[in-house]
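Note that the coordinates shown come from a computational prediction; the quantities given were computed from them, not determined experimentally. Hydrogens, waters and symmetry mates play no part in the numbers below; they use all other heavy atoms, side chains included. Naming convention: chains lettered A, B, ... in sequence-line order (proteins, then strands); numbering from 1 in each chain.
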2 protein chains.
Amino acid sequence: MDLSCKSEYALLALLELSPHYASGEPLQIRQISSQQNIPDRYLEQLLATLRRAGLVKSQRGARGGYLLARDPWKISLYDVVSCIEGFDTQADATKAPDTSEAVVIQDVWGEVRQAAEAILQKYTLQDLVDKRNAKQQVDIMYYI
Amino acid sequence: MDLSCKSEYALLALLELSPHYASGEPLQIRQISSQQNIPDRYLEQLLATLRRAGLVKSQRGARGGYLLARDPWKISLYDVVSCIEGFDTQADATKAPDTSEAVVIQDVWGEVRQAAEAILQKYTLQDLVDKRNAKQQVDIMYYI
DNA sequence: TGCAAACCCCAGTGGAGAACCGGGGTATAC
DNA sequence: GTATACCCCGGTTCTCCACTGGGGTTTGCA
């Protein structure tokens, strides 16, 4: 029932990378971590996971960094969360799955899971960037 | 993103109690735990939580036990899960909630949470009992 | 009245995972 | 060739879950 802090960090990092996709200029871990104040050594691990999942690409050496592997509107939140949380393997380790009552409950659990996944699948990174921009627009109007 | 084993145990226990609500005869922990093979000392704690939440009533002393506090169709799965999981207090301890990106992500998290709660709210204990009976009916038909 | 059957409360344990931190290695631009 | 980045591996602390145990108290019944 909880979407962990881990997934949030990963999404924040990818949102940071999204505007830089067009230019092709990589962003360093330190820039992302200081911008969103995420512990940098921790962020490094998350980016490694995202890289292995094929969501970002890395460039080593001086003036290296990370950049999105594909367009921000081709990456859904489900792509991100599932690879970070690692719940694609149907690893539901429930203890008493043999009674008929347990099966009925598992069905409901599955329904909840599916609903959550559907929501995560309908949003892309670009959607979140747009939403953020819209919110900031509102803030400016209030400011004026 | 996970509905814990704890909630499943609690639901199993309440499903066990549901058919006995009409007669008013209490059911002992040992009976429930052996039926659904749940560790009995653990189940005891869960039933205590359910009692404090007003979902079950207990009867102490010899020939005591537990029984539902109200009709099985007046108890939703949300009632059960929320009191066991304790997520009514909006205790979302997220670390970086200040940037505008973080707010947008929190919105999505909230949307997922709401969807999950909606599903849990639409099912009652009685619904699950009926579903289980329907499944067993199918099993019998296959058997014949 | 005694006693056993049940619930009641509180406390601790083992394991798993989350959120970090650190040490060294390796590739690359300048 | 050197500084700057990523890369890999391991350890640490903390929290929570699932579970266990040791006492109590209440109650039905012989």
Side-chain angles (χ1 to χ4, degrees), chain A residues 1-13 17 20 24-34 36-53 55-67 69 81 84-87 89 91-97, chain B residues 1-13 17 20 25-34 36-53 55-67 69 81 84-87 89 91-96:
Chain A
M1 204 60 191
D2 60 321
L3 280 299
S4 73
C5 163
K6 217 165 148 188
S7 298
E8 187 174 345
Y9 283 162
L11 277 178
L12 285 172
L17 292 180
H20 294 76
E25 281 296 308
L27 220 60
Q28 286 95 307
I29 288 180
R30 297 299 300 274
Q31 293 180 273
I32 303 173
S33 68
S34 66
Q36 297 290 340
N37 64 303
I38 303 170
D40 50 358
R41 307 300 260 111
Y42 191 41
L43 179 58
E44 189 181 350
Q45 293 176 24
L46 300 180
L47 284 170
T49 304
L50 294 173
R51 183 178 53 81
R52 279 187 282 269
L55 294 178
V56 299
K57 286 182 174 171
S58 64
Q59 195 165 321
R60 303 181 67 167
R63 297 194 43 82
Y66 287 91
L67 62 163
V81 174
I84 288 292
E85 224 84 1
F87 58 56
T89 54
D92 255 323
T94 180
K95 301 295 179 58
Chain B
M1 201 63 193
D2 60 320
L3 280 300
S4 73
C5 163
K6 220 166 150 188
S7 297
E8 186 174 346
Y9 283 163
L11 276 178
L12 285 171
L17 291 180
H20 295 76
E25 282 295 309
L27 221 59
Q28 288 96 307
I29 289 180
R30 297 299 300 274
Q31 294 180 271
I32 302 172
S33 68
S34 67
Q36 297 290 341
N37 61 305
I38 303 170
D40 50 358
R41 307 300 260 109
Y42 191 43
L43 179 58
E44 190 181 350
Q45 295 175 24
L46 300 181
L47 284 170
T49 304
L50 294 173
R51 181 178 54 79
R52 279 187 282 269
L55 294 178
V56 300
K57 286 182 174 171
S58 64
Q59 194 164 322
R60 303 182 65 167
R63 298 194 44 80
Y66 288 90
L67 63 162
V81 174
I84 288 292
E85 223 83 3
F87 59 55
T89 53
D92 254 322
T94 180
K95 300 294 178 58

- Query: Less than 3.5 Å between a donor and an acceptor, one on the side chain of A:R60 and one on the base of C:dT26, is that the case here?
  - Reply: yes
- Message: Mind checking if B:Q59 touches a base, just sugar-phosphate, or nothing, with heavy atoms under 4.0 Å?
- Response: sugar-phosphate
- Query: With distance as the sole criterion, do the side chain of B:E44 and the base of D:dT20 form a donor-acceptor contact below 3.5 Å?
  - Reply: no
- Item | Distance in angstrom units between A:L43 CG and C:dC20 P, rounded | 11 Å
- Taking for each residue the nucleotide of DNA chain D bearing the nearest heavy atom, is the 5' side occupied by A:Q45 or by A:G65? A:G65
- Message: Can you confirm whether B:T49 sits close enough to B:R52 that some side-chain heavy atom of one is under 4.5 Å from a side-chain heavy atom of the other?
- Response: yes
- Task: Take the protein atom CG of A:L46 and the nucleotide atom C1' of C:dC21, then report the distance between them rounded to whole Å.
- Result: 14 Å
- Message: Using a distance-only criterion (donor-acceptor N/O pair, under 3.5 Å, no hydrogens), is the base of D:dC6 paired with the side chain of A:Q28?
- Response: no
- Per side-chain contact (heavy atoms from CB on, under 4.5 Å), A:L12 is matched among A:L43, A:I38, A:N37 by A:I38
- Grab the CG-C1' distance between B:L67 and C:dC7 for me, whole Å please. 13 Å
- Message: Can you identify which nucleotide, out of C:dA19, D:dC6, C:dC7, has its nearest atom closest to the A:Y42 side chain?
- Response: C:dA19
- Task: Would you mind reading off the distance between B:D40 atom CG and C:dC7 atom C1', rounded to a whole angstrom?
- Result: 13 Å
- Item | Which nucleotide in C:dC21, C:dC8, C:dA5 has an atom nearest any side-chain atom of B:R51 | C:dC8
- Task: Calculate the interatomic distance between A:Y9 atom OH and C:dA19 atom P; express it in whole Å.
- Result: 7 Å
- Criterion side chain to side chain contact (heavy atoms under 4.5 Å, CB included) on B:L46 and B:K6, from CA distance to verdict: CA-CA 8 Å; B:L46 300 181; B:K6 220 166 150 188; 3.6 Å; yes
- Check every atom of C:dA29, D:dA18, C:dC20 against the side chain of B:K6 and return the nucleotide holding the closest atom. D:dA18
- Item | Candidates D:dC7, C:dC20, D:dA3 - which lies nearest the side chain of A:S58 | D:dC7
- Query: What are the two closest heavy atoms between B:R41 and B:E44, and how far apart are they?
  - Reply: NH1-OE1, 2.6 Å
- Specify the separation, in whole Å, of atom CD of B:E85 and atom C1' of D:dA18. 13 Å
- Presence of B:R63 side-chain N/O under 4.0 Å of D:dC29 phosphate oxygens OP1/OP2: yes
- Query: Base, sugar-phosphate alone, or nothing: which one does A:R41 contact when heavy atoms must sit under 4.0 Å apart?
  - Reply: base
- Query: Can you check the B:I38 CD1 to D:dA18 C1' distance for me, whole Å?
  - Reply: 12 Å
- Task: Assign B:I29 to base, sugar-phosphate, or nothing according to its heavy-atom contacts below 4.0 angstrom with the strands shown.
- Result: sugar-phosphate
- In whole angstrom, give the distance that lies between atom CZ of A:R30 and atom P of D:dA3. 17 Å
- Straight-line distance of B:L27 CG to B:L67 CG, nearest 0.5 Å: 9.5 Å
